[in-house]
Amino acid sequence: MGTEPEQYFDELETMTPEARQKYQDDNLYQTIGYAYRNSPFARSILDKAGVRPFSIRTARDLELLPVSRKNDLIEAQKATPPFGGLLSMPAADIERVFISPGPIYEFQPSGIQWFAKAFYAAGFRQGDIVVNTFTYHMSPAGILFHEGLRHCGATVVVMGTGNTDALIKAMLDLKVTGFVGTPTFLLAVIKRAEEMGYSFEKQFAVKKAWFTGEMLPPSLRKVFEGNYHLDTSQAYAVTEPGGAIAYECREKSGLHLMDEYIVEIVDPQTGKQLKPGEVGEIVVTPIHTKGWGLVRFGTGDMSSIVKEPCPCGRTSAKITGFLGRTGDAVKVRGMFIVARQAEQLIASFEAVSRFQIIVDRQANRDEINLKLELKDDSGDKGKLIDDVNRKFQDICRVKLDNIVLVSPGTIPEPYQPIQDVRKWE
Ligand SMILES: [Zn+2]
């Protein structure tokens, strides 16, 4: 935050729409052509789909190809060890290999500043001393975040996962100014420090916290920012296609897409691209490295695209963040609804303590019923129903059929935010 002019990491962040289109189209075209010639994995995807590489000229054309998933990579690597035909650069140019559960061997070329843009937008600079609490073993997290911070000039304390008390001591001794980890872990660190008798606010120098790897609920963000005066930021990262996909700016209302990838939001059942605002699966094609023969990688994560210009001056589109997994999404009248999206919109209504969406089917039509548990009986109920109706349609893009106000404790346990009771006969 602050009033100083926004600084950008590179010129890509502020490209005009035309320049971005050209940059992405050119890189996509070259990447697909190169992958077709050099990666047997990519070649077989195109050949099976009957698509020639020169037919892929723009993001829209990617719809011609199927979405590849984690399991496809595991199977390919089993069939053709070690890299499953995904490698399309000389093996000697690989800087390092990560091992993801599967196992999937992920190789990376050198010289790419994978996470620097995300840390830069979050305000990390020279003079910062940052604890990196992600693991440095096997997974890309530790080392890639480490390098990203270094590219912004920050000093990194190589912490990794493990001993919370040792971490707390290091944070105090070294006057650490930044924390990199998961929101849950930072909360645990703060609580532990308080148990040890410290005042996190008064005795620690931490000013910034950067999160990835799990969602940052608005309520927890409020705790960090309100109670502990931390400036929080988050990034969305996926291991298989190479790292950071999207990152927050100081506006903290959505995550800017990296221009090094083509990011599509698609219907996970059909692979068809969805419109801005519609919730679907995040599908990623890296276009900044010729090393990977990875085309249309389905992340299994749900989000939606925001196209409105961002006051920060970055011109890329944003995603609304991680809204859930494809398995948790319910498709109603052609639109996906995920619990987190409903959660976010309900959270803005003070009077409501809990909600449940029940999806039913009557006379061959999907019906969406919303139950709201109220904190107490006061307040204008008619207005509440109108406001929730309007906001639901705005955000979830489908109209509710019914809202029922119920008393506290009515929604059954175990709590299911969305219940799909449709019978398909
Ligand atoms: Zn922005």
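Both ligands and their constituent atoms are indexed starting at 1 by order of listing.
Two rings, from Phe107 and Phe83, have their centers less than 6.0 Å apart. In this structure, the ring of Phe119 has its center less than 6.0 angstrom from the ring center of Trp210.
A donor-acceptor pair is defined here as one N or O able to donate and one able to accept, closer than 3.5 Å; no such pair exists between the side chain of Lys48 and the backbone of Leu65.
The side-chain hydrogen bond (donor to acceptor under 3.5 Å, both in side chains) pairs that include a residue from residues 153-165 are Asp165-Arg192, where partners are two or more places apart or lie in different chains.
Contacts of Phe211 classified as ring-ring contact (aromatic ring centres under 6.0 Å, His included), with partners at least two apart in sequence or in another chain: Phe224. Under the side-chain contact (heavy atoms from CB on, under 4.5 Å) criterion, Asp386 pairs with Arg390, sequence neighbours left out.
Protein nitrogen, oxygen and sulfur atoms, that is N, O or S, within less than 2.8 Å of the Zn ion (ligand 1) amount to 4.
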